[in-house]
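Heads up: numbering here begins at 1 and tracks the sequence. Nothing here was measured: the structure is a model prediction, and the numbers come from that model.
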Amino acid sequence: MHIRKNIKNISLWAVAAGVFFLNSCTKKQDAFVNRKVSFNADWSFHLNDSIIDKDTIGASTKWRTLGVPHDWSIEGKFDEKSPAGYGGGSLTGGLGWYKKTFKVAAEDSTKITSINFDGVYRNSEVWVNGHYLGKRPNGYIGFQYNMSPYLNYGEKNNEIIVKVDNSKQPNSRWYSGSGIFRNVWIETTDKLHVGQWGTYITTPKVTAEKASVNIETTIKNQYKESKKATVTTTIFKEDKKVTSVTQDITINANDNQILNQSAEVENPILWSVENPELYTAVTEILVDDKVVDQYKTSFGIRDFKFDLNKGFILNGKQVKIKGVCMHHDLGPLGSAINTRAIERQLEILKEMGVNGIRTSHNPPAPELLDLCDKMGFIVMDEAFDMWKQNKTKYDYANDWDKWHKKDLVDQLRRDRNHASIFMWSIGNEIPEQWNEKGIEIAKELAAIVRLNDKTRPITAGMNPPVNMNIDAVTLQFEKKDVSINPLAGSGVLDLIGYNYAHQIFEHHLKNFPKTPFIATETTSGLQTRGYYDAVSDIIKKWPIRWDLKFTEGNPGNTVSAYDQVQTPWGSTHEATWKIIKKYDFLSGMYIWTGFDYIGEPTPYEWPSVSSYFGIVDLAGFPKDVYYMYQSEWTNKDVLHIFPHWNWKAGQTVDVWAYYNNADEVELFVNGKSVGKRTKKGDDLHVMWRIPFEAGTLKAISRKGGKVVLEKEIKTAGNPSQLKLSADRSTIKADKNDLSFVTVDILDANGILAPNANNEINFSLKGNGKIVGVCSGDPVSHESYKGNKHTALAGKCLVIVQSGDKSGRLELTAKANGLKQSTIVITTEQK
């Protein structure tokens, strides 16, 4: 790879894509280059055999070529004896090596060339040309190494080697993935430049007429002599210049200088969840009227606060946070980051009415935050799942003393310009929350946060913030013997973060009369998409207690998709939302979880390998409760009836309906009414208990006697054919873009066969590849990386990735006894 050539290519691409405004504030444009270029392609990878290879590589080591981001664990087989355990998805870790050769242009010998990793899981060590650059235990935070002193310039090759040690297991309570699982960049700068994550933009005063903007910029001078320079920061709205500010500086040799600039934006367009408007600040350093560095920062202008009595106020408007917790894995893609895959998840959640994301329980990929900025989500950015005390034997607690300050500072400086971030979480269910040591650590962490960002409140997910007396079986809250969690009562936190404990939400103002509320984690309802217990109105607590092994359950480790199964520490979905919506002072909630994720298959153990918590399953298919939230959290007309309509003749079936914007729902079986239902009190659904009769189940919602919506479910015959539907039929030919193709198993009349579980085989023609298959079944042990998969409840997913050439991709799905289907996806170079 010739770095200088690629820099030029990317700069030209940026102009073609409409980023031409980056140069519009300069007097001379010839010096402009894009500082960062992708370093993802053409790595060599080797996974050590733990017995033979130990922790070395040599001349005989066998390598395979691949691109990063890469997760080697997702390529493995599910194993009951995996040291990661079922909590870690029963997939293996191990020790892997990555290497790559590259060239650096001769003219860059006077510049600073760095390598930036957005995240490597975990215990990464890096060498370039045999020189050791450093180690980073934390798998979730980005880091940078200056390679300049060790590089060969011109035609001679350079070699970078990365060792990734994820062999000590368990080190996580969920599936972590293994490897260089986030993006890698080469960054080339003048020796006088804006430092890494070197800008900090705040908007201390915001009105509809005017916003003040403060820009704090860290300038680095790595020359051996002092430098005089002019620093200009120009603010843009899309391609239109808004305002600029200029300042002359003198900076000593080998020194850093923090520059403070202020500007005003007239009639600012405010960022909100409905209209996530963004501005861009472009900082230029000029020496002798020549641009030597240019740095771009995206930010939003908004005013917000958490009010003790009114909850969350954004731009003067009360906004209820309707959020979900998300782990970092992308289902069948594992932990290897892909921007389109994250975007698809957020699109599905936005359609449900979600306006908030909690990055549980670690620093997220930068791409997630960029998308939340652009799409309008209220983000709780979380740093740690543990402090000094372990939750698993080999987890981050072992690295705490040496690394926690560095990791937290880096996260804050990396993330603090994001418009979507409204609070920092310094920990999740930390064992030390109950003692004085925890208060001491919390004070240290809070001080670090406030030193780096004073604009956002600090919270922590406490379980619970009040030491309740709750009966383990009935979950009845006893008001006696209530004591305040030491961390919650310490005064360190700006927001009291509740993990569960919905029974005491209404007492918050009595227990914490000076500190606002946020539900950091709620619900923990459990479902398997498409499976339904015979009786839907019995609430089940699985397991009966968090510390007791679960010995009951359903055949095949299934869980009813009616909203009727919860963990003992949580609730059904309806129960917690009813409380949150009732009180203004309850600012909002983050549900556990938005999507299913690999690992932590509560309430079961092996052979289950992925979670049941998600409102959306691992493949991205919504479970029925998705539509309860959609009916509550959106203004769109909603009518959703379930379950499917394939049962035994005469069998009693509970039919639920989620609806809104209507007074009633009437249900018909084969044209005959079985009754009208209306939500009463705080009901969130209605139900009919009726005998099954094959044919058509039809629901009609009405308001004022007028029809709002009609929905039908028909009895399906035997599976007969396959149907393929792509979320996007045209994708970019950039070797990264994805098309998510849904496979439906239909009968001869085109009706979904809800009990079909055929094995489906896939083939692809054209310049692309199949990178993931999944059905959302938590018990499936089929590889997510194969070319075949067994459907769940009549559905399956296949993910197609583009190559680097424009053309046609033809995806074909086949299954024994079923009519095959082919779909065409077009790839285009941009």
Side-chain angles (χ1 to χ4, degrees), residues 1-6 37-77 79 82-83 91-106 108-109 113-137 139 143-169 171 176-186 334-336 394 735 769 785:
M1 173 183 178
H2 197 286
I3 293 174
R4 171 58 56 184
K5 180 179 179 181
N6 281 355
V37 295
S38 175
F39 202 58
N40 286 342
D42 301 323
W43 287 81
S44 297
F45 172 71
H46 172 72
L47 181 62
N48 277 8
D49 181 289
S50 59
I51 298 174
I52 299 173
D53 294 334
K54 295 185 179 179
D55 65 348
T56 61
I57 54 175
S60 61
T61 300
K62 294 181 179 180
W63 302 86
R64 66 181 172 106
T65 301
L66 49 74
V68 300
H70 171 240
D71 172 10
W72 78 67
S73 291
I74 203 69
E75 300 169 347
K77 295 181 179 180
D79 182 1
S82 165
L91 291 166
T92 57
L95 190 151
W97 296 85
Y98 297 84
K99 71 174 183 176
K100 178 172 177 170
T101 58
F102 61 100
K103 292 180 179 180
V104 183
D108 285 345
S109 62
T113 301
S114 301
I115 186 163
N116 297 351
F117 294 90
D118 285 346
V120 183
Y121 201 90
R122 63 189 299 269
N123 290 315
S124 66
E125 294 181 86
V126 183
W127 294 259
V128 66
N129 295 334
H131 295 274
Y132 186 69
L133 298 182
K135 180 176 182 176
R136 197 66 174 240
F143 53 95
Q144 178 186 79
Y145 296 123
N146 178 6
M147 300 189 294
S148 303
Y150 316 113
L151 291 176
N152 302 312
Y153 296 93
E155 292 305 312
K156 190 174 181 181
N157 278 333
N158 297 275
E159 182 180 63
I160 188 167
I161 294 176
V162 182
K163 175 183 175 182
V164 186
D165 189 354
N166 194 23
S167 59
K168 291 184 177 180
Q169 303 276 349
N171 57 52
S176 65
S178 302
I180 303 177
F181 67 2
R182 292 180 180 170
N183 287 306
V184 186
W185 311 88
I186 289 290
S335 295
Y394 298 107
K735 301 181 73 173
K769 58 184 177 180
K785 293 298 181 181

Engineer: Got I186 and I115 here, is their nearest side-chain heavy-atom distance under 4.5 Å?
Structural biologist: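 In short, these two side chains touch, coming nearer than 4.5 Å.
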Engineer: Any heavy-atom pair between the side chains of L151 and F102 that's under 4.5 Å?
Structural biologist: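 They are in side-chain contact.
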Engineer: Distance-only, no hydrogens or angles: does the N116 side chain make a donor-acceptor pair with backbone N or O of Q144 under 3.5 Å?
Structural biologist: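 Flag not set: sc N116 to bb Q144 has no pair under 3.5 Å.
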Engineer: Kindly indicate whether the side chain of V128, heavy atoms from C-beta on, has any atom under 4.5 Å from the side chain of Y145.
Structural biologist: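 No, side chains not in contact.
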Engineer: Among S124, S73, S178, find the one that has a side chain to side chain donor-acceptor pair (under 3.5 Å) with N166.
Structural biologist: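 Single side chain to side chain donor-acceptor pair (under 3.5 Å) partner of N166 among S124, S73, S178: S178.
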Engineer: How far apart are the closest heavy atoms of N146 and S114, and which atoms are they?
Structural biologist: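 Looking at all heavy atoms of both residues, the closest pair is CA-OG, 3.8 Å.
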Engineer: Does N158 reach the main-chain N or O of K103 with its side chain, forming a donor-acceptor pair under 3.5 Å?
Structural biologist: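 Judged by distance alone, no pair lies under 3.5 Å.
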Engineer: Mind running side-chain contact (heavy atoms from CB on, under 4.5 Å) on F39 and V68 for me, showing each step along the way?
Structural biologist: CA-CA 8 Å; F39 202 58; V68 300; over 6 Å; no
Engineer: Run I57 and W63 through side-chain contact (heavy atoms from CB on, under 4.5 Å) and show every step you take.
Structural biologist: CA-CA 10 Å; I57 54 175; W63 302 86; 3.8 Å; yes
Engineer: Hey, does the side chain of N129 reach the backbone of Y150 with a donor-acceptor pair shorter than 3.5 angstrom?
Structural biologist: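 Yes, the answer is positive, given that a donor and an acceptor are paired below the 3.5 Å cut-off.
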Engineer: Take I160 and M147, measure what side-chain contact (heavy atoms from CB on, under 4.5 Å) needs, and give me the verdict at the end.
Structural biologist: CA-CA 10 Å; I160 188 167; M147 300 189 294; 4.2 Å; yes
Engineer: Side chains of F143 and V120, heavy atoms from C-beta outward: is any pair under 4.5 Å?
Structural biologist: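 In contact.
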Engineer: Between I74 and L91, which heavy-atom pair has the shortest distance, and what is it?
Structural biologist: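 Scanning both residues completely, I find the closest heavy atoms to be CD1-CD1, 4.2 Å.
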Engineer: Above 12 or not: heavy atoms from other molecules or residues under 6.0 Å from NZ of K735?
Structural biologist: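 Not more than 12 within 6.0 Å, no.
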Engineer: Give a yes or no answer on whether the side chain of K100 reaches the backbone of V162 with a donor-acceptor pair at less than 3.5 Å.
Structural biologist: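 Looks like no, no N/O pair under 3.5 Å.
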Engineer: Find out whether E125 and D165 are in side-chain contact, i.e. whether some heavy atom of one side chain is under 4.5 Å from a heavy atom of the other.
Structural biologist: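 SC-SC contact between E125 and D165 ruled out.
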Engineer: Do you know which two heavy atoms are closest between W185 and D118, and how far apart they sit?
Structural biologist: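 So the two residues come closest at NE1-OD2, 3.1 Å.
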Engineer: Has the side chain of W72 got a donor or acceptor atom that lies under 3.5 Å from a matching backbone atom of G177?
Structural biologist: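 A pair under 3.5 Å: no.
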Engineer: Taking the side chain as every heavy atom from C-beta outward, state whether E75 and H70 have any pair of such atoms under 4.5 Å apart.
Structural biologist: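 Yes - at least one pair of side-chain heavy atoms lies under 4.5 Å apart.
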Engineer: Can you see which heavy atom on G93 is nearest to which on L47, and at what distance?
Structural biologist: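 Reported closest heavy-atom pair: O-CD1, 4.4 Å.
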Engineer: First locate atom CG of N157, then atom CG of N152, and finally report the distance between them rounded to the nearest 0.5 Å.
Structural biologist: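 Going from the CG atom of N157 to the CG atom of N152 covers 8.5 Å.
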Engineer: Out of curiosity, K785 NZ to D71 CG, how far, rounded to the nearest 0.5 Å?
Structural biologist: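 So the gap between those two atoms works out to 8.0 Å.
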Engineer: Identify which one of F117, F45, F181 satisfies the ring pair (Phe, Tyr, Trp, His ring centres under 6.0 Å) criterion when paired with Y98.
Structural biologist: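 Result for ring pair (Phe, Tyr, Trp, His ring centres under 6.0 Å) with Y98: F45.
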Engineer: Is a side-chain N or O of S148 found less than 3.5 angstrom from the main chain of T113, in a donor-acceptor match?
Structural biologist: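 Judged by distance alone, yes, a pair lies under 3.5 Å.
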Engineer: What about the rings of Y132 and W127, do their centers lie closer together than 6.0 Å?
Structural biologist: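 When the ring centroids of Y132 and W127 are compared, they turn out to be within the sub-6.0 Å range.
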